[in-house]
Amino acid sequence: MGLILQIAWRFLLAKKRAMLMSLTGIVFGVAFFIVSQAQTSGFESFFIRSVWGTNGALKVQDRFQNNVASMLAGEEQDGFKVELKEGRSYVEGVEHPALIIEAVRKFREVSGASEVLRGSATAKSGFREDECEVYGIRLSDYLSVSNLGGQIRYGRIEDFDSDPQSILVGIKMAERLNLDIGSTLLLRRQNESIRFRVKGIFETGVEEYDKRRVFVHLRQARDILNEPHKASFIQVSLYDNYRADKVAAHMQEVLLHDVRPWQKSEKTWLEVFSALRISSGITMSVIIMVAALGMFNTLAIIVMERRREIAILRSMGYTRQDVVRIFIGQGVIVLIAGMVLGCALAFFLTLGIENLPIRIRGIFSTDHFVVKWSLWHYFWACVVSTVVVLVASYVPARKAAQIEPGDIIRGAS
Amino acid sequence: MTDEPFTETKPTQSTAAEVELLKAQGVRRTLGKDEARTQALRGVDLLLKRGKSYAITGPSGCGKSTLLYLLGLLDRPDSGSISIMGRPISDASDTERTQFRNQMLGFVFQFHFLLPEFSAQENVMLPMRRLGRLSRKEMLARSAMLMEQVGLADKMTRSTGHLSGGEQQRVAVARALANEPALVLADEPTGNLDERNSRMVFELLGSAARGTGRSVLIVTHNPELATRCDETLRMRDGLFV
């Protein structure tokens with residue numbers, strides 16, 4: 001061990017109890033910082049995965065046409081210009097879904113694209129009737145842009161695939177209409193009505209979807225919604241869904257269709273999660289700061305109590321920088337111990353929390369706490385504690401270095 | 001090792017002893033603030049030669065210790081100059097003065113001022129480790145040799161808290177000699193010891209000067225000890241008389 005660290009260590013041992021308190025504070029601060037980040041990021045990531053699994057990474061929807069922003073009258077030098085309000089006119093839906101899908105698939109970022117026809121209808125079971133949102137899909141395509149297969153709670157997705165008259169209903173709707181696998185459900189819109197057999201009950205965790213959404217084969221949807229050619233939107237998945245906003249911007253320019261990435265569709269919730277993450281990060285940083293304040297106090301007391309030893313070290317030829325290093329060294333020893341123990345505690349706490357039962361429905365579906373394992377959480381916890389502890393150590397260290405050995409020794413003689 | 005490890009002999013004059021080690025000229029120092037302000041030193045001149053032992057005596061408050069701390073570069077004079085081995089040092093930077101203390105000076109204070117968290121041998125090694133001139137093995141050997149010289153070879157690994165006052169002061173002497181300083185400064189080194197320990201510590205300091213080219217400057221109230229030094233300097237009211 002280096003001389004300076006050895007002196008720091010011995011000084012530290014002489015103040016075991018106070019330093020243990022500071023150490024405990026840092027351990028818990030670091031651990032809670034990591035655990036809170038693991039939780040908030042865990043729920044955020046889980047929400048994002050749920051969004052991708054339900055709505056894909058982006059949607060190509062209404063076609064648009066840019067309006068003329070301004071037009072010149074006469075020669076340019078005349079300076080006569082007619083200003084028109086800039087904007088776009090939209091045509092609802094995708095008029096040529098096959099062409100658009102072909103164009104979408106040409107983007108190298110795209111991993112899947114599926115045409116969806118959406119419309120509202122009335123669902124009537126033998127028990128009661130309710131409003132629903134019909135999703136007409138080609139199952140094989142849709143499975144490539146969603147996690148519908150994984151969201152099936154009852155029944156089998158294969159049974160839906162093999163039967164054109166089959167329907168998938170959300171779990172909340174199944175409860176409300178008292179539907180079970182094999183039950184029949186009548187979908188009605190204006191004069192059209194078609195009877196379907198329930199082949200699967202799905203749960204996205206998003207209450208709105210689970211209560212209203214039903215999936216039928218695209219052909220049946222066209223019949224019932226009386227829409228022989230158009231699609232409501234093209235649901236798209238990407239190899240890297242986090243790039244959806246950039247891909248969407250590019251796609252919009254090329255396709256002249258409104259392209260909405262998940263970051264835009266779920267902006268509100270993403271902002272909520274982000275605020276939660278930052279807020280918990282700040283709260284936990286405050287805990288670390290309080291612990292560091294305790295350490296600041298302890299080090300300040302050590303400086304007061306060790307003035308004579310500092311003076312002696314200075315008389316022996318130890319520089320002011322050496323004194324600073326001795327006190328920073330004490331902080332660093334506590335910091336390293338705090339980080340190691342804090343990270344270890346965080347690891348085991350996160351493991352434990354991951355298995356804690358909690359039932360959440362509404363924006364996603366989970367029956368236990370969701371955590372995200374990320375080394376970045378550990379990294380940032382260590383960065384925050386390092387900065388805070390070093391600042392807390394530096395102030396008393398500087399005070400110690402300013403001690404004039406002559407004054408202290410003269411006073412002690 | 002006996003209680004009296006070194007025999008007391010009067011120093012012999014040698015060529016080395018005549019070489020100038022430290023020179024102070026017109027050193028003034030005022031201590032305290034406002035009404036408590038007192039002029040501790042009023043223009044002190046002093047010349048210390050190599051290999052000689054000096055005692056400064058005088059009544060309390062005459063400026064002995066203040067002068068010692070100034071000569072030991074632990075304090076700065078208000079005016080005047082101090083040079084060691086011909087090198088002006090009173091106005092040198094803090095780093096330079098610290099380096100000088102480490103290499104050229106050894107201190108023994110009235111209260112031993114050992115670091116209680118370290119063993120006796122570790123305390124002796126502290127200046128050596130800071131200087132970093134010797135290997136760890138050499139430092140261990142030298143500190144063991146010094147501990148043996150001060151009669152504490154069997155107590156090297158003891159915590160300083162488990163040593164008597166006299167033993168602690170002997171460790172302090174060993175520590176002061178650790179880096180083979182050119183000048184050892186001792187401020188009332190026996191002031192807190194009984195007669196037997198006082199004699200022992202004084203003899204250790206005396207032997208540190210003899211035949212080594214090293215000088216020892218002792219501030220003491222004890223006239224008997226003072227007379228055993230090569231030169232006794234008397235102070236009164238901030239001046240040598």
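Any value given below was found using the heavy atoms of this structure, including those in side chains, with hydrogens, waters and symmetry copies removed. The shown structure was predicted, so the numbers you read here are calculated from the model rather than taken from an experiment. Numbered from 1 within each chain, the chains take letters A, B, ... in sequence-line order.
Neither the backbone nor the side chain of A:L13 comes within contact range of chain B; no heavy atoms are under 4.5 Å apart. If you measure heavy-atom distances from B:F100 to chain A, you find no contacts under 4.5 Å at all.
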Going by atom type alone, with no hydrogens or angles, which donor-acceptor pairs under 3.5 Å involve a side-chain atom of residues 283-296 of chain A and a protein atom two or more places apart or on another chain?
from, atom 1, to, atom 2, distance (Å)
A:T283, OG1, A:S279, O, 2.7
A:S285, OG, A:G281, O, 2.7

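No more than 12 heavy atoms of other residues, nucleotides or ligands shown are found within 6.0 angstrom of NE2 on B:H162. Applying the 6.0 Å contact sphere to CG of A:L375 captures no more than 12 heavy atoms from other residues, nucleotides or ligands. Heavy-atom contacts from other residues, nucleotides or ligands closer than 6.0 Å to CZ of B:R234 number 12 or fewer. For A:F28, the CZ atom is loosely surrounded, since the number of other residues' heavy atoms within 6.0 Å does not exceed 12. Within a 6.0 Å radius of CH2 in A:W376, other residues, nucleotides and ligands contribute 12 heavy atoms or fewer. Counting non-hydrogen atoms of other residues, nucleotides and ligands closer than 6.0 Å to CE of B:M145 gives a total above 12. Counting heavy atoms of neighbouring residues, nucleotides and ligands inside a 6.0 Å radius, atom CZ of A:R398 does not exceed 12 of them.
Between A:I312 and B:R175, some side-chain heavy-atom pair lies under the 4.5 Å cut-off. When side chains are defined from C-beta on, B:F107 does not count as touching A:M316, because their heavy atoms never get closer than 4.5 Å. When side chains are defined from C-beta on, A:T319 counts as touching B:R130, because their heavy atoms get closer than 4.5 Å. With contacts defined as side-chain heavy-atom distances shorter than 4.5 Å, the pair A:L313/B:L115 qualifies.
Of all heavy-atom pairs between B:E117 and A:A14, the closest is OE2-CB, 3.8 Å. The minimum heavy-atom distance linking B:P116 with A:E309 is given by the pair CD-OE2, 3.7 Å.
Between the CD atom in B:E122 and the CD atom in A:Q6 there is a gap of 5.5 Å [rounded to 0.5 Å]. Residue B:N102 holds its CG atom at 9.0 Å from CG of A:D322, rounded to the nearest 0.5 Å.
Looking only at heavy-atom pairs under 4.5 Å with chain A, the residue among B:L68, B:L31, B:L126 that has the most is B:L126. Most heavy-atom pairs under 4.5 Å with chain A, from the set B:L114, B:L74, B:T66: that is B:L74. Among B:L105, B:T95, B:D75, B:D94, the residue making the largest number of heavy-atom pairs under 4.5 Å with chain A is B:D94.
For the pair A:Y318 (side chain) and B:P127 (backbone), a donor-acceptor distance under 3.5 Å is absent. Panel note: side chain B:R101, backbone A:R314; a donor-acceptor pair is recorded below 3.5 Å.
Stacking of A:R308 on the aromatic ring of B:F113 is not recorded, the 6.0 Å distance cut-off and the 45° axial limit not both being met.
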